[in-house]
Amino acid sequence: MFLGRSVPAAQALIRPFVTGEADLFGGIGRLLASSAALVWLSREAASSSLKRSARNPCGELVITRRPQVPADLPDPDRKPNLAPSERILPARTVLATNTSSLPVTQIAARLSDPTRLVGLHFFNPVPLMKIVEVIPAELTRPDIPPALVKLVQETGHRAVTVADTPGFLINHAGRGLATEAFALLEESVADPIGIDRIARDVLGLRMGPFELMDLTGLDVTAAVIDSIWRGFRYSDRLRASYLTPNRVAAGLYGRKSGHGFYSHAPDTAPPEEEPVIGDADRPVQVTGDGPQTDALRRTLTQAGADLSPSDQAIVLVPTWGTTVAAAVFADGLPTRRTLGIDPLSLNTPRRVLAATPASDPDVVRDARAVLTRSGATVTVARDTAGSIAQRLLSSIVSVAASIAERSIATPADIDAAVTAGLGYPHGPLAWGELIGGRRLLTLQEGLHRTTGDPRYRPTHWVTERVQLGLPLTFEHTEK
């Protein structure tokens, strides 16, 4: 709900007016110059530019970048102060901030008329990132957001309306991947290279989480993770990692420092896959029943694997939200010859094996060789509840579901923003639906039960929709 007076002023965004340091917002300027009355402001919000715009009758919208504030100011004083701009500009002018993280309502609180301020968050590079977040503050006039949504849509970009909450929408949704990747690294389930390979080849992401953090800079990523975690009052689902402070202190930022999770020194060769040296003809026994087991048997048969009974056979267990160790204990399977395999990896270029502390290294080597018969590559990870891909996917969907649950954005806007802003192959709620709501809930229940960690507690959003037979993308609207 938006409070404050309703004035039909925002509908007058008609002709272009660009002044100030246009290069600062060059991408946004080129995008909007033909569609709206704009004033470009430097970080210092140059008063000469503002005065010129105040004399121009077409100056209906001012977009400001986050102003610089002295680092030694106490926290309450570090919020950008747009009051000088407000005093110069006509009352009809809408103020929009391009902040990516600061609460819009707290910026608006310094204005004498907080109803005229809105967040309008573009992403770089503006021409390619065709998504814009429109963030009403608590007192923003209700006519302003739809007017800006229409303005953005006229440029060919998608606009999503987002509640003024920590991280807004896209930065918030991205925490699902990043925080779970760190959780896997904390538990030594795999190294960053292995996690990234699985994220790319099994889940279909353009970049693995650690590759992405090296690109954006760990100092930036860690600050965003901590800020959103604090903002949501230390939610378990958004928990930050103990690994980041020391890495940031050591300057392991990624590409900009030359070293992060990967080396970025000149002429550094990309990491190579481990050679396959095992026995590809060793017999394999698949244990369990159900569609996942049937799919694994078909995959092995098509690859020409030997499925004949043998007391030396590799025992493969498809795991879903549980561990190989639990299957060994429950079914009396041989501890040294039993390995897990992720069902999500069966129709992808990479198979994922799970080894326990009791696994025979020779069995692991032979299992890799058997699974490469189909032409797939194989990653071996430490046994964990579910698998690397399952945990990453579950976290992505859970964080998105919690965003929908809090009414921060609509399901359609969540999926559209994440695919456009983060480059995921599917919107997270649609992705969960593709896996199957009931199957996803089984995964999340298994993760929660096996680990006991509230981080993995199934969301009410997913649970309720599965119980009611509704798609995860279904939005309840009051009549």
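Source: prediction; values computed, not measured.
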Q. Can you check whether Val104 reaches Phe168 side chain to side chain, under 4.5 Å on heavy atoms?
A. yes

By salt bridge (Lys or Arg N to Asp or Glu O under 4.0 Å), Arg200 pairs with (sequence neighbours left out) Glu211

In this structure, CZ of Arg391 is separated from CD1 of Ile195 (nearest 0.5 Å) by 9.0 Å

With no hydrogens and no angle check, is any side-chain donor or acceptor of Glu86 less than 3.5 Å from a backbone partner on Ser112? yes

In Leu443, Ile435, Leu440, the residue satisfying side chain to side chain contact (heavy atoms under 4.5 Å, CB included) with Val397 is Leu440

Do Arg465 and Pro471 make a side-chain contact, defined as non-hydrogen atoms from C-beta onward lying under 4.5 Å apart? no

Worksheet item: Does Arg239 make a cation-pi contact with Trp229 (under 6.0 Å, within 45 degrees of the axis)?
Response: no

The ring pair (Phe, Tyr, Trp, His ring centres under 6.0 Å) partners of Tyr242 (sequence neighbours excluded) come to none

Report task. Answer whether the closest heavy-atom distance between the side chains of Arg406 and Trp461 falls below 4.5 Å. Result -> no

Flag if over 12 foreign heavy atoms under 6.0 Å of CZ, Arg438: no

Against the six-membered ring of Tyr262, is Arg255 placed for a cation-pi contact (under 6.0 Å from the centre, within 45° of the normal)? no

Between Asp196 and Leu212, is there a side-chain heavy-atom distance shorter than 4.5 Å?
no

inquiry  = For the aromatic rings, using the six-membered ring if either is Trp, is the centroid distance between Phe232 and His172 under 6.0 Å?
reply    = yes

Can you confirm whether Thr93 sits close enough to Pro90 that some side-chain heavy atom of one is under 4.5 Å from a side-chain heavy atom of the other? yes

Within the structure provided, determine whether His121 and Asn98 are in side-chain contact (heavy-atom separation under 4.5 Å). yes

task = Measure from the side-chain N and O atoms of Glu138 to the backbone N and O of Thr105, and report whether any donor-acceptor pair falls under 3.5 Å.
result = no

